[in-house]
Asks: 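What follows is a structure written as structure tokens; I'll ask about it next.
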Amino acid sequence: MDKKKILVIDDDRDTLDFISGYLSDYEFTIYTAEHGAMALTILQDNCIDLLLVDLRLESESGLELARDLTQRFAVPAIMVSAITDDIEKIVGLESVLDDYIEKPVNPRLMLARIRAVLRRHQTDHDSSGDDAARPAGRYLAFGQFHLNAEKRLLVDNETGPVELTNTEYRLLELFVTESNNVLSREEIVEKLDMESSNHLLRNIDVLVLRLRRKIEPRPSMPKYLQTRRNKGYVFCLD
């Protein structure tokens, strides 16, 4: 079995040595970089499967670096950070990142989350291949919108593409495919293959609010993405 290649970006040498030493004992080949320029060179020369990026690099923003690298090389990324502010995590997860790991790093938790992200992206890749073989025009549709699963795109039939982050798209796709079924926050986190935590459960509420602003005629009185008190959320289709 080919080893998955992981690039760890952190300007703390002790952290790099710890993470690379631990992960090297498993099914991974580990590359390390202390700054963006070094990371870029590695990505240009190797087919990297996953990034682990420290949020607060001394010379640059880890989040901005992750945004640039994920867009340029289509590679998933996990944030590694000592920051515990929920808003920071929400912004990171919604913009470019697939998960986060708090410092001090729990090695077993890190391993589990790395495997979950790699498994999820492999599933997405396989599903994309299946979608590409479908006849054009087969979409998940609701109201004036449709989801193009092949391109992972939400389209307003009247105005064109609607900008969604990776996390927003995955959540909306889940709601549409599970339409008329009530989903609890715990079920949502499980179905999206995310590690459950109080942080992420609360973040689901924020993601729902942001989706409503993009798909609802009146977000304060949602037609599609409705709340069921003490139960969760339901995507209503006639």
Side-chain angles (χ1 to χ4, degrees), residues 1-36 38-39 42-43 45-57 62-63 65-67 69-70 73-86 88-127 165-167 170-171 174 185-204:
M1 180 179 67
D2 292 337
K3 288 190 172 185
K4 295 293 185 181
K5 297 179 181 179
I6 299 176
L7 172 57
V8 185
I9 307 172
D10 197 308
D11 51 17
D12 181 75
R13 190 70 246 175
D14 290 338
T15 299
L16 286 177
D17 291 343
F18 169 73
I19 293 177
S20 61
Y22 181 81
L23 293 178
S24 294
D25 290 335
Y26 295 89
E27 66 273 21
F28 310 113
T29 299
I30 308 301
Y31 299 81
T32 62
E34 297 182 16
H35 50 75
M38 185 184 300
I42 293 172
L43 281 159
D45 294 339
N46 301 274
C47 184
I48 299 297
D49 297 293
L50 176 69
L51 304 177
L52 292 183
V53 186
D54 184 67
L55 178 64
R56 295 291 176 95
L57 299 172
L63 188 56
L65 176 62
R67 177 180 290 113
L69 295 180
T70 56
F73 295 94
V75 58
I78 296 176
M79 176 193 300
V80 182
S81 175
I83 292 176
T84 58
D85 185 275
D86 281 350
E88 189 97 40
K89 289 174 182 174
I90 293 169
V91 171
L93 286 170
E94 286 202 19
S95 55
V96 295
L97 299 169
D98 293 84
D99 207 339
Y100 68 89
I101 301 169
E102 291 184 2
K103 290 181 178 179
V105 173
N106 178 320
R108 290 187 177 181
L109 178 61
M110 174 180 64
L111 179 62
R113 292 194 173 182
I114 287 172
R115 285 172 170 168
V117 170
L118 288 171
R119 182 172 62 251
R120 184 165 68 236
H121 276 262
Q122 181 61 49
T123 300
D124 289 346
H125 175 75
D126 293 344
S127 297
T165 66
N166 177 60
T167 310
R170 294 181 62 235
L171 181 59
L174 172 64
R185 293 166 183 81
E186 291 80 7
E187 287 175 320
I188 292 170
V189 168
E190 180 181 357
K191 288 178 180 292
L192 292 181
D193 202 13
M194 304 168 80
E195 290 291 330
S196 180
S197 71
N198 289 333
H199 294 303
L200 281 176
L201 292 179
R202 290 195 297 271
N203 290 356
I204 294 297

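Quick caveat: nothing in here was measured; it's all calculated off a predicted structure. Heads up: numbering here begins at 1 and tracks the sequence.
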Asks: Tell me the closest heavy-atom pair linking Asp11 and Arg56, and the distance in Å.
Replies: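 Taking Asp11 first and Arg56 second, the nearest heavy atoms are OD2-O, 4.4 Å.
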Asks: In Å, rounded to the nearest 0.5 Å, how long is the span from CE of Met79 to CG of Leu63?
Replies: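 Reported to 0.5 Å precision, the distance equals 5.5 Å.
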Asks: Could you tell me if the side chain of Lys4 sits less than 4.5 Å from the side chain of Leu50, heavy atoms only?
Replies: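 A side-chain contact under 4.5 Å is absent here.
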Asks: Side-chain contact test, heavy atoms from C-beta onward, threshold under 4.5 Å: evaluate it for Leu111 versus Phe28 and give yes or no.
Replies: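 Result yes, sub-4.5 Å side-chain heavy-atom pair found.
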Asks: If you define the side chain from C-beta out and look only at heavy atoms, does anything of Ile30 sit under 4.5 Å from Ser24?
Replies: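 The answer is yes, as the side chains (C-beta and beyond) meet within the 4.5 Å cut-off.
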Asks: Please examine the side chains of Val80 and Met110, heavy atoms only from C-beta on, and report whether any two atoms are closer than 4.5 Å.
Replies: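 No, their side chains stay 4.5 Å or more apart.
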Asks: How close do Val53 and Gly62 get, heavy atom to heavy atom, and via which atoms?
Replies: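 Shortest heavy-atom contact: CG1-O, 3.5 Å.
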Asks: So, the side chain of Asp49 versus the backbone of Ile6: is there a donor-acceptor pair under 3.5 Å, distance only?
Replies: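 Between the backbone of Ile6 and the side chain of Asp49 there is no qualifying donor-acceptor contact (under 3.5 Å).
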Asks: So, for Asp99 and Val117, which heavy atoms are closest and what is the spacing to 0.1 Å?
Replies: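 Looking at all heavy atoms of both residues, the shortest contact is CB-CG2, 4.1 Å.
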Asks: Can you see which heavy atom on Ile42 is nearest to which on Ala33, and at what distance?
Replies: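 Minimum heavy-atom separation between Ile42 and Ala33: CD1-CB, 4.2 Å.
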Asks: Who pairs with Asp17 by salt bridge (Lys or Arg N to Asp or Glu O under 4.0 Å), at least two apart in sequence or on another chain?
Replies: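 Per chain and number, Asp17 pairs via salt bridge (Lys or Arg N to Asp or Glu O under 4.0 Å) with Arg13.
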Asks: Do Val105 and Thr15 come close enough that some side-chain heavy atom pair is under 4.5 Å?
Replies: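 Not touching, per the 4.5 Å side-chain cut-off.
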Asks: With a 4.5 Å heavy-atom cut-off, do Ile48 and Phe73 have their side chains touching?
Replies: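 No, too far: nothing below the 4.5 Å cut-off.
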Asks: Restricting to salt bridge (Lys or Arg N to Asp or Glu O under 4.0 Å), what partner residues turn up for Asp54, sequence neighbours left out?
Replies: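 With sequence neighbours excluded, Asp54 shows a salt bridge (Lys or Arg N to Asp or Glu O under 4.0 Å) to Lys103, given in chain and number order.
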Asks: Does Asp10 reach the side chain of Ile19, with side-chain heavy atoms less than 4.5 Å apart?
Replies: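 Not in contact.
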Asks: Do the non-hydrogen side-chain atoms of Leu69 and Ile9 ever get within less than 4.5 Å of each other?
Replies: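 Of all side-chain heavy-atom pairs linking Ile9 with Leu69, at least one is under 4.5 Å.
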Asks: When Glu27 is tested against each of Lys5, Arg115, Lys3 for salt bridge (Lys or Arg N to Asp or Glu O under 4.0 Å), which residue passes?
Replies: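 Result for salt bridge (Lys or Arg N to Asp or Glu O under 4.0 Å) with Glu27: Arg115.
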Asks: Using 30° and 60° as the class limits, which term best fits the ring planes of Tyr26 and Tyr22: parallel, tilted or perpendicular?
Replies: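 Aromatic pair Tyr26/Tyr22 classed tilted.
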Asks: Just by distance, do the side chain of Arg113 and the backbone of Tyr100 share a donor-acceptor pair under 3.5 Å?
Replies: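 Judged by distance alone, yes, a pair lies under 3.5 Å.
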Asks: Could you walk me through whether Leu52 and Leu23 pass the side chain to side chain contact (heavy atoms under 4.5 Å, CB included) test, one step at a time?
Replies: CA-CA 12 Å; Leu52 292 183; Leu23 293 178; 4.1 Å; yes
